[in-house]
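Below is one structure; the comments refer to it alone.
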Amino acid sequence: MSSENGPEQGGAQDAPPEQLALIRESVRKAKTPRAKPRTWRGAALAKELPVARVLVDKGVLHLDRYFDYAVPEELDADAQPGVRVRVRFGAGRHRVRDGRREGGGLIDGYLVERLAESDYAGPLAALAQVVSPERILDEELLGLVRAVADRYAGSLADVLQLAVPPRNARAEKRDSPQPLPAPPAPEPGSWARYEQGAAFVEALASGGAPRAVWNALPGPQWTQELARAVAATLASGRGALVVLPDGRAVARADAALTALLGEGRHAVLTADAGPEKRYAQWLAVRRGAVRAVIGTRAAMFAPVRDLGLVALWDDGDDSHSEPHAPQPHAREVLLLRAAQDRCAFLLGGWSCTVEAAQLVETGWARPLVAGREQVRAAAPLVRTVGDQDLARDEAARAARLPTLAWQAVRDGLRHGPVLVQVPRRGYVPRMACAACRTPARCRHCSGPLEGQESGSALRCGWCGREEGAWHCPECGAFRLRAQVVGARRTAEELGRAFPAVPVRTSGREHVLDTVSDSPALVVSTPGAEPVAEGGYAAALLLDGWAMLGRPDLRAGEDALRRWLAAAALVRPQSAGGTVVAVAEPTLRPVQALVRWDPAGHALRELAERAELGFPPVSRMAAVAGPPEAVTGFLDTVELPREAEVLGPVPLPVTAPGRPRRVGAPPPGEHWERALVRVPPGRGAALAGALKAAQAARTARGSDTAVWVRIDPPDIG
DNA sequence: AGCACGCCGACT
DNA sequence: GTCGGCGTGCTC
């Protein structure tokens, strides 16, 4: 091991392993350095499989490939596939001085594979360090990460950061619990209410892989049904994964699972656990000590062993969209897992997205639905108040609440809590003409005029200018009405109307989990509705027409989803449960609410999208950035033949001070956006083309960046 | 992203 | 000659 290249000076014992690899000094002198494979001299390398294929953890597209490193003898035992490693990774050719290699910093990576030889012609650097012998990245997880990166035109390293939590040495030292033997198969329980419910649970228990879109009946039983699906999968000797939209839903599913299976059979993966606990839970899953996982979106990558079931609750909730690049959606990730692992798939919710409807329509999944009589038995009575009713209703114009709504609240309060769903927090955010309902807009920039704290003037939500003398440009009227009235104001008004009843509010900054069965007014924004122990006696869905007014593809679907989520917390009609929706009864989502038919609504939306060439029937990608950058990108990208480029068009001005989604493009002056659309089946080709063009672009470095987003959420 | 290489013009 | 500008390309 001695040689004039002298890695030994100072004693081989003390030298870091990386220095033990010999790097031929003659490389620079030789005119054809790559002509022949290198031989190793002077370094003690692993006797078997001395090459380590490493995935370098750097989120740059053109680095989205593996690099080969030499495995020093000392690291041979620990350097197993799946471990975290550190390697020297740097630019250009390295200086070789005193036989040691310099330049290039130490960066993290994952050892993907051990090989007998490398197909890289140059000399290999040595692994610097095996961070820990814990093998965390197996072939299956790597395959999933790659599939997600491909689907979303993102880099492996970016997706890897979403999939693997940061290491925590203390958690790694802890022993995971002993795995428990499979539990007995559960009874179908309330799954019996669904036409294919019992069969679905039996299929899971017997090792099958059924795929279903589940339209859950209103009421609290969905958590038990999820728990039974998990238990049945465990009974078959396989693992299960359930992803839910928020911490509260996870807590409910957790309670149901614990009630059915006891402690220790499932792990809860949520963001709010500390890093040590989070990693310990993740490791317990990775090690196979825990076979079932429930959690919020980050759990979609959980390395469950022998995956038998992936389940997702309420896929229309936008918190299922990962805000970090490449912004994968939990539904799509779980679809990829179901395909890769050939496991069962359960997409459940009170509502139904067009994507879910498409899974049924294409025959990939079967509907898991209850018959009409079951729906009638579980759902509350839904009544609507539309414009014509309002026009006839003197009381409604004076106060903001129609008579029917007052009655429902008053009657409901005699029997229990009443839920009032208001679409947004704040204080009269948007104003419209009281006569014709034309939105009130700023005369300088056309931004929305917003009401201030009671009494003071109107102000533009975009440019901030005050408006002192508004009149309607359409009909000339001078009176305004609040288009959306926030929770605080509604709470004040209702509180005054029912002075004997406590008013509780639940919203973004303060979310109530549950309320008791005693009469109370519960004012909540969508998604923050507390669960009433015995169900709400009534619910009031306010300002529905404002919810539907958004110029967004999903406006109808979203409104219906939010209404159903509130209505599902109300007692069944047979127990007096009533829902009053202040919304135009001729509108499609309102009709779907009244008939409690989310699947039918989603199917009609899907047909319309197919006709218009909209997602999810076609696949779309957005390319955003400065105009020259966008056109430059579109000139270089080699799109699939069927691709259609729409735009580019200027991006709408974003209002100052408005919260911006993480991962959205940073503020840019005069940005443009183009949409690229491909027909069904060409999504992978589109993503591949965009990724290649993006890689070439960032490698060049001279060009300004463009933002590429597959499945852009806000196309209108 | 860094960082080195190399191909041009200006300089001791 | 050779110093150093930055444009180009590689990183095992």
Side-chain angles (χ1 to χ4, degrees), chain A residues 7 16-43 45-46 49-72 75-76 79 81 83-97 99-131 137 142 154-158 160-161 325-326 629 632 636 666 691-708:
Chain A
E18 73 204 76
Q19 294 180 9
L20 295 173
L22 173 87
I23 310 306
R24 273 168 60 155
E25 289 176 315
S26 56
V27 166
R28 295 175 66 178
K29 292 162 201 155
K31 274 296 152 206
T32 53
R34 295 186 174 208
K36 293 211 171 99
R38 307 283 119 185
T39 51
W40 302 104
R41 284 191 298 155
L45 294 179
L49 306 176
V51 175
R53 189 146 281 178
V54 172
L55 170 53
V56 165
D57 195 5
K58 242 183 157 204
V60 187
L61 280 165
H62 55 284
L63 295 180
D64 207 10
R65 54 200 169 103
Y66 301 130
F67 291 87
D68 288 349
Y69 286 81
V71 181
L75 299 183
D76 184 22
V83 300
R84 290 180 209 259
V85 293
R86 310 201 78 202
V87 293
R88 290 233 172 258
F89 189 85
R93 249 165 246 136
H94 297 257
R95 286 168 315 218
V96 180
R97 199 196 298 156
R100 61 182 93 166
R101 185 151 220 238
E102 296 183 348
L106 272 183
I107 61 168
D108 293 318
Y110 295 86
L111 201 163
V112 167
E113 204 180 356
R114 287 281 296 266
L115 300 164
E117 51 193 51
S118 172
D119 50 15
Y120 181 64
L124 299 186
L127 292 179
Q129 186 191 348
V130 173
V131 177
L137 186 68
L142 182 59
S155 76
L156 273 187
D158 275 351
L160 208 52
Q161 272 183 8
T636 49
K691 186 166 167 172
Q694 183 76 303
R697 208 176 166 80
T698 48
R700 216 167 12 250
S702 52
D703 301 327
T704 40
V706 293
W707 285 75
V708 172

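Each chain gets a letter, A, B and so on, in the order the sequences are listed, and its residues count up from 1. What you are looking at is a predicted structure, and each value in this text was computed from that prediction instead of being measured.
A:Arg65 has its CZ atom 9 Å from the P atom of C:dC10, to the nearest Å. Rounded to a whole Å, the CG atom of A:Asp68 is 12 Å from the P atom of C:dT11. Going from atom CG of A:Asp108 over to atom P of C:dC12 covers 16 Å, rounded to whole Å. In this structure, CG of A:Leu124 is placed 16 Å from C1' of C:dC10, rounded to the nearest angstrom. Atom CG of A:Asp158 is separated from atom C1' of B:dA1 by 14 Å (rounded to the nearest Å). The distance between atom CZ of A:Phe89 and atom P of B:dA1, rounded to the nearest whole Å, is 14 Å. The interatomic distance linking A:Asp119 (CG) with C:dC12 (P) rounds to 15 Å, in whole Å. Taking atom CD of residue A:Glu113 and atom P of nucleotide C:dC12, one finds them 19 Å apart after rounding to whole Å.
Listed for the A:Tyr110 side chain is no donor-acceptor partner under 3.5 Å among the backbone atoms of A:Leu142.
Under a 4.0 Å N-O distance rule, the pair A:Asp64/A:Lys691 qualifies as a salt bridge. Of the charged side-chain nitrogens involved, at least one lies within less than 4.0 Å of a carboxylate oxygen, so that A:Asp76 and A:Arg114 count as a salt-bridged pair.
By the 5.5 angstrom centroid cut-off and the 30-degree plane limit, A:Tyr120 is classified as stacked against the base of C:dC12.
Taking each heavy atom of A:Gly632 and A:Arg697 in turn, the nearest pair found is C-NH1, 3.9 Å.
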